[in-house]
Amino acid sequence: MARRKRGSPSTLKGDLHQLSWSTYEEPRLIRPKGTKDRQRQLYHLLLLQILPLFFHFRSLFVFDRAQTRMAMASIVRRKAYLLSRNLSGSCSDALRYSYSLTSFSRGFATGSDENDVVVIGGGPGGYVAAIKAAQLGLKTTCIEKRGTLGGTCLNVGCIPSKALLHSSHMYHEAKHSFASHGVKFPSVEVDLPAMMAQKDKAVGNLTKGIEGLFKKNKVNYVKGYGKVVSPSEVSVDTIDGGNTVVKGKNIIIATGSDVKSLPGITIDEERIVSSTGALALKEIPKKLVVIGAGYIGLEMGSVWGRLGSEVTVVEFAPDIVPTMDGEIRKQFQRSLEKQKMKFMLKTKVVGVDTSGDAVKLTLEPAAGGDKTELEADVVLVSAGRVPFTAGLGLDKIGVEMDKAGRILVNERFATNVAGIYAIGDVIPGPMLAHKAEEDGVACVEFIAGKVGHVDYDKVPGVVYTHPEVASVGKTEEQVKSLGVAYRVGKFPFLANSRAKAIDDAEGIVKIVAEKETDKILGVHIMAPNAGELIHEAVLALAYDASSEDIARVCHAHPTMSEALKEAAMATYDKPIHI
C-alpha cells in the first residue's frame, strides 16, 4: 500500500525552532526615557498582538494542527507579557493593560481579601486547576472538605486501590508463579495489616506532596465545606468548627462524585461496603459479592480474589464493562473466570438481609422471574458514581443542571451564571481522574484569557486488573453504528517475544481504522501493562495518525509495545510475526 503524503517535517521543525523558548528569553530592556522610545516599544507590542492571528491563519493552511497553533500563540503571548512587564513605570496602567496580550476578561484581583480564582474541591481536577491558576499568576484559593488533598482518587480510590492491586498481585505471583521461574518458598502468607500499612503510607506521602505543591505555587488552602452564596462568594464551614467567607472573581466547582446508592441497600462500610470500605477491610472475607461489573467492582474483586476470597459479581446488564469493545470484553471475562471470579449477568438484587451471621441477598433475573438467594460475608456495592453537586448552594444562584445532577457548561467550562465554572465528575463526560485534570488546566487557561482544549473522544480508560485492559477512541461497535467503512488489525501477545520470555502472554492488541484514509479510530489493548502501552495510541489519535504511521515507527526489541506495531501492520497490510 502506498504511503500517505505528509507535510515536510523539516518545515514544521524549523518554524517551531524559530519560536522556541531559547529564542524568546526574557528581554533585558532599559526603561525608556523619551517619548519616542516609549512609542517604539508600544509599536512592538502592537506587532506582537497581530502575530498570533498571522500564525493562526497560516497554520490553518500549512499544519492543520490545533496544538501547533496553541503553542505558537502561547509563546507570542509570553513575549508580549515580558515586554509589558519591563514597561512598568514607563506608561500608565491603563495603557499597559490595553496592550497586554495576557489581560484577563474579568481582571486580576486587587484587594487583599479577593481571589482571582476560588476552587471548591481538592481532588485531581480541583488541585490541578488551583496549581495551574497560580502558575498563570492568579491569586488562588482551594477549599477542600476532607482535610487532605487529592480527593476520592488519592484518598479512597485510584491510589489505594492500585497499591492493593499491586500487593495482592505480588502475593498471587509468589504463590502460583514463582516456582516455575525457579524461586521457591516453603510457604507464603498474607500479612493484611502490613499490606494496608503500605497502602496508607503511599496515600499519606502523596497527599502531603500536594500540600507541598500548594506552598510552592502559593495556593491558599482552606480546609472545610464550601457553599456558594453568590457568584463571587463561598461560605466555608471549616473543619475546626469555624466559618469564613472566601471571595473570588471566578469560582470553579470541582467537587467530584460520590458512590451511587441502590434502593433498599444501606452501606455500613463493614459488611455492606462501598469502594471506600473495600479498601479497608480488617480481614479477608471468605465470600465476597460485588454488585456491579464496572471498573471499580472488577478491580476490587480482583484484589480480594487473589488474597483468597470467593468472588461473585452480580450485574444487571448482559455484559461486564458495557463501554468496552465487545471482542476485548469477551476475552477479558474469560480471563477473569480463569481466575475463579464468578459472574451472574442479567441479574438484579431485590433484597438484603443482614440479621444473621452472613449477608443474604435476594436475586432475580433482570427481566423478571424466580427469586434466588446468595450469601456473602461482605457485599461491595459498586454500581457507579453520581456527581457531588447537592448542598453546594448552586440552585440558589441559578446554576443549571441536568436530571442526573451534572452541571451544564459550555466549551469554556462556564455555567450559565457569570463567574461560575465547573470541571471533572460534576459535568458531562467520563468520570476519570485524568479527564478532570485536563478539565482543570483548560478551564483556568480560559479564565486567564488563553485557549484550553480537552477532547473527550481521546481520553484513555484503563481497568487495572491482571491482565489490564486499556482503550482509547471508538469501539468496533461504535464505528459500525456510524456507518463508517473500517478495517481491524489484531495481534496476540502469545506471538510477542517479550511476553513469552516473561511467561505473561495473555492478551491482544486491536486497532480499528478508517478504510479509505487508514486513520486510526480506536485502539484496545488487553495485556499485563496495557495502561502504559495505550499512550502511544493516545498520541496517535491526538495527531490523526494512520495505522501505517505506527507500523513504520521503529519499536525496541524485545518489548510488549511491538504488539501494537504488529497490530498496526495487520491493519493496513500484514503483520510479520503471525
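It should be emphasised that the depicted structure is a prediction, and the values quoted were computed from it without experimental measurement. Below, all heavy atoms of this structure are taken into account, side chains as well, without hydrogens, waters or symmetry copies.
Side chains of H524 and E327: a donor-acceptor N/O pair is absent below 3.5 angstrom, by distance only. Using modelled atom types, one finds a donor on one side chain and an acceptor on the other under 3.5 Å when comparing E566 with H577. A donor and an acceptor atom, one from each side chain of E506 and S335, are located under 3.5 Å apart. Between the side chains of H466 and D504, at least one donor-acceptor pair of N or O atoms lies under 3.5 Å. Side-chain atoms of D425 and S257 form a donor-acceptor pair, as typed in the model, at a separation below 3.5 Å. Side chains of D549 and Y572: no donor on one and acceptor on the other come within 3.5 Å. In summary, the side chains of S481 and Q478 do not present any donor paired with an acceptor at a separation below 3.5 Å, with no hydrogens or angles considered.
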Report the C-alpha separation of K435 and D455 in whole Å, then their side-chain angles, then the decisive distance to 0.1 Å, and conclude whether the salt bridge (charged side-chain N to carboxylate O under 4.0 Å, His left out) test is met.
CA-CA 9 Å; K435 174 263 191 185; D455 188 343; over 6 Å; no
Would you please test D325 and R329 for salt bridge (charged side-chain N to carboxylate O under 4.0 Å, His left out) and show each step?
CA-CA 6 Å; D325 180 88; R329 183 197 304 123; over 6 Å; no
Salt bridge (charged side-chain N to carboxylate O under 4.0 Å, His left out) assessment of R487 paired with E514
CA-CA 6 Å; R487 288 195 182 96; E514 189 176 11; over 6 Å; no
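Under 4.0 Å is where a charged nitrogen must lie from a carboxylate oxygen, and between D377 and K287 no such pair does.
Among E337, E315, E310, the one residue that satisfies the salt bridge (charged side-chain N to carboxylate O under 4.0 Å, His left out) test with K342 is E310.
Taken to the nearest 0.5 Å, the OG atom of S161 stands 8.0 Å off from the CD1 atom of I296.
Within 6.0 Å of the CG atom in D268, the count of heavy atoms belonging to other residues, nucleotides or ligands exceeds 12. Other residues, nucleotides and ligands contribute more than 12 heavy atoms inside 6.0 Å of the NZ atom of K162.
No donor-acceptor pair closer than 3.5 Å links the side chain of D573 to the backbone N or O of M569. Here the side chain of E144 pairs no donor or acceptor atom with the backbone of Y221 at under 3.5 angstrom. A distance-only check finds no donor-acceptor pair linking the side chain of S168 to the backbone of R306 [under 3.5 Å]. One N or O on the side chain of D191 and one on the backbone of A194 form a donor-acceptor pair closer than 3.5 Å. The closest donor-acceptor contact from the side chain of S309 to the backbone of G305 lies at 3.5 Å or more, if one exists at all.
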